[in-house]
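We name chains A, B, ... by the order of the sequence lines, and we start the count at 1 in each one. Keep in mind that what you see is a predicted model, and the values were worked out from it rather than measured. No hydrogens, no waters, no symmetry mates; every other heavy atom, side chains included, goes into these values.
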Number of protein chains: 2
Amino acid sequence: MSTITSIRQAVPDRDDLAEDGGSSIYERLRDDIIHGRVKANERLKVAELASRMGTSTNPVREALQQLRGEGFVIMTPNRGARVRPIDEEFVRDICEIEVLIEPALTRWFVGIVTKADIEELERLQEEIEALNFGDEMKHSNLDLQFHRLMYDRHYNRHAVDLWVRHRHILWAISRGFQTSLSRQSNVLDEHRELIACIKAQDADGASRAIARHVEGSGRHIIERMRLEKRNA
Amino acid sequence: MSTITSIRQAVPDRDDLAEDGGSSIYERLRDDIIHGRVKANERLKVAELASRMGTSTNPVREALQQLRGEGFVIMTPNRGARVRPIDEEFVRDICEIEVLIEPALTRWFVGIVTKADIEELERLQEEIEALNFGDEMKHSNLDLQFHRLMYDRHYNRHAVDLWVRHRHILWAISRGFQTSLSRQSNVLDEHRELIACIKAQDADGASRAIARHVEGSGRHIIERMRLEKRNA
DNA sequence: AACTTTCAGATCGTACATTCTTTGTCAATC
DNA sequence: GATTGACAAAGAATGTACGATCTGAAAGTT
């Protein structure tokens, strides 16, 4: 049986950063599922989790219900909760959805973009290139800002929320993964091409560029997952 | 909104239904929110809901957490839950997402369709035409079967779940709405064109047809919502 | 008038009771 | 002797009750 919290307890910061609210039971469970620390389809027993987390059963139950709503666990009446598998198929699935959604968001952005927006994109891109994947956390933040600038003002909050959530999951999965050199240069190329298309008011081109970007990102994550599985 | 996905568990057994006419607490709350029986941003107090549902607070709390995971309520620590507004924007948002997803699912279906599938589609379509919107419930079921036949075998369970969920919401919203005659004839036309394209192995055409179908359906629901709001 | 105090109402956490599932044993039958 | 069936007991999920803690607002004080 996989130890759900043992890994977490080895990392002390979590409790310091946010005394109470930050590292909720929900987040711990969710992270354990996303990172595969609990096996797929493994049963999640409330009493067991409660004792591990050092709380009573109620907070655990509510966290599980939330995770159920988000689809991370599957619950059957009187039979408790099981872990939904987070595997390569899962990544492929959400990437495929993003390949459909992000181009649409990008296309809209091309229609409302201002000179200031483009300057900001270029500034972010310069920062990303200067950093050159030196700090995973910083790069992730910059990349997030880059794409958020394009999507944040979109009227379809639903779609944007979906994107945020999917991105969150993918980021959690790929945290700790090394980015291959070839993927690094592709990322930079794709961003540059994206900016160029936006500048030229080429909605179709931007749409294709972002689709390629998302697809490449998904493929890279899946490859890394395969590598890690082989080493494990 | 959220929705990673969730395998919605089957409709509760007769035991649950036996109680006060309703079903689970979760479904009752969800229905109240979707149908606007609780105002947008209205506060949902657990004690109050519990007494109204005839249970203790714990089941209500868990239902709220699940709804939170699905994005129907917004919770802030120590301050409880509030209703997420289900308005025309909401419908437009999820329809726009479906306009992106369903064509992709349909396109894939064109590639794997068999003669038997087409015959089944035609059979369902005949039934729908014979029924001619006489019974809302039956029509909804037939329409569901029609589209489910196309999507159910798709490998991207994530996308299909998203579709199921969205369809569920839209159906709950539009339950009780009258379908205008013009929309009725459009629905039939769109289905017929869809079948024709599938038969001709015209993926692009099928894709466009389903996009038009979803868009028209969304527009119709929004119009009906406006009408109802005006009458209220 | 602004600040502090107080208190009711609501959320959150703990403990316990109930109900259902699962498992293991034992006996009866083939 | 092996298989199946019933039945009982353990394990786990679900529901109930209650105490602790937090929030928001109305009172009172300077």
Side-chain angles (χ1 to χ4, degrees), chain A residues 1-5 14-15 18-30 32-33 38-39 41-84, chain B residues 6-30 32-33 38-39 41-70 72-84:
Chain A
M1 166 170 36
S2 17
T3 60
I4 295 181
T5 57
R14 283 297 271 244
D15 289 327
E19 314 184 8
D20 242 14
S23 75
S24 60
I25 294 176
Y26 158 77
E27 286 181 5
R28 291 169 69 178
L29 276 175
R30 181 170 153 284
D32 286 336
I33 293 173
V38 286
K39 277 177 288 188
N41 285 98
E42 180 171 325
R43 197 162 165 193
L44 296 172
K45 306 177 189 176
V46 279
E48 185 184 321
L49 293 174
S51 72
R52 277 212 189 129
M53 304 269 179
T55 69
S56 68
T57 63
N58 230 352
V60 175
R61 284 200 261 174
E62 294 183 9
L64 284 176
Q65 289 293 345
Q66 190 182 348
L67 290 166
R68 169 200 198 176
E70 294 175 349
F72 285 110
V73 307
I74 296 168
M75 300 187 70
T76 44
N78 291 324
R79 236 174 265 186
R82 290 184 174 279
V83 178
R84 172 143 189 167
Chain B
S6 105
I7 295 179
R8 189 164 312 286
Q9 50 196 35
V11 181
D13 314 320
R14 303 153 205 79
D15 316 46
D16 293 332
L17 291 172
E19 247 175 297
D20 352 30
S23 24
S24 66
I25 293 176
Y26 159 77
E27 286 184 4
R28 289 172 69 178
L29 277 175
R30 182 169 154 282
D32 285 340
I33 294 173
V38 286
K39 277 177 287 187
N41 286 94
E42 181 172 324
R43 195 163 166 192
L44 295 172
K45 305 175 189 177
V46 281
E48 184 186 321
L49 294 173
S51 73
R52 193 175 338 158
M53 305 270 179
T55 68
S56 67
T57 63
N58 227 350
V60 176
R61 284 199 264 177
E62 294 183 10
L64 285 176
Q65 290 291 345
Q66 189 183 350
L67 290 166
R68 170 197 196 179
E70 293 175 350
F72 286 110
V73 307
I74 296 168
M75 300 187 70
T76 45
N78 291 323
R79 236 177 269 185
R82 291 184 174 280
V83 178
R84 172 144 188 168

Non-hydrogen atoms of A/L64 and A/L44 that approach each other most closely: CD2-CD1, 3.9 Å

Anything under 3.5 Å between a protein N or O and an N or O of nucleotides 11-14 of chain D, put it in a table, one pair a line.
| from | atom 1 | to | atom 2 | distance (Å) |
| --- | --- | --- | --- | --- |
| D/dA12 | OP1 | A/K45 | NZ | 2.9 |
| D/dA12 | O3' | A/R43 | NH2 | 3.4 |
| D/dA13 | OP2 | A/V46 | N | 3.4 |
| D/dT14 | OP1 | A/N78 | N | 3.4 |

Holding to salt bridge (charged side-chain N to carboxylate O under 4.0 Å, His left out), I want the full list of residues that pass it with A/R30, two or more places apart in sequence or in another chain. none

In whole Å, what is the span from the CD atom of B/E42 to the P atom of C/dA10? 13 Å

Rounded to the nearest Å, what distance is computed from the CG atom of residue B/N58 to the P atom of nucleotide D/dG19? 16 Å

Report the distance from atom CD1 of A/I25 to atom P of C/dG13, rounded to the nearest whole Å. 7 Å

Which side-chain N or O atoms in residues 53-60 of chain A pair as donor and acceptor under 3.5 Å with protein atoms at least two apart or in another chain?
| from | atom 1 | to | atom 2 | distance (Å) |
| --- | --- | --- | --- | --- |
| A/N58 | OD1 | B/N58 | ND2 | 3.2 |
| A/N58 | ND2 | B/N58 | OD1 | 3.3 |

If the condition is side-chain hydrogen bond (donor to acceptor under 3.5 Å, both in side chains), which residues does B/E48 pass it with, not counting sequence neighbours? B/R52

Selection residues 72-82 of chain B - residue pairs positive for salt bridge (Lys or Arg N to Asp or Glu O under 4.0 Å), sequence neighbours left out: none

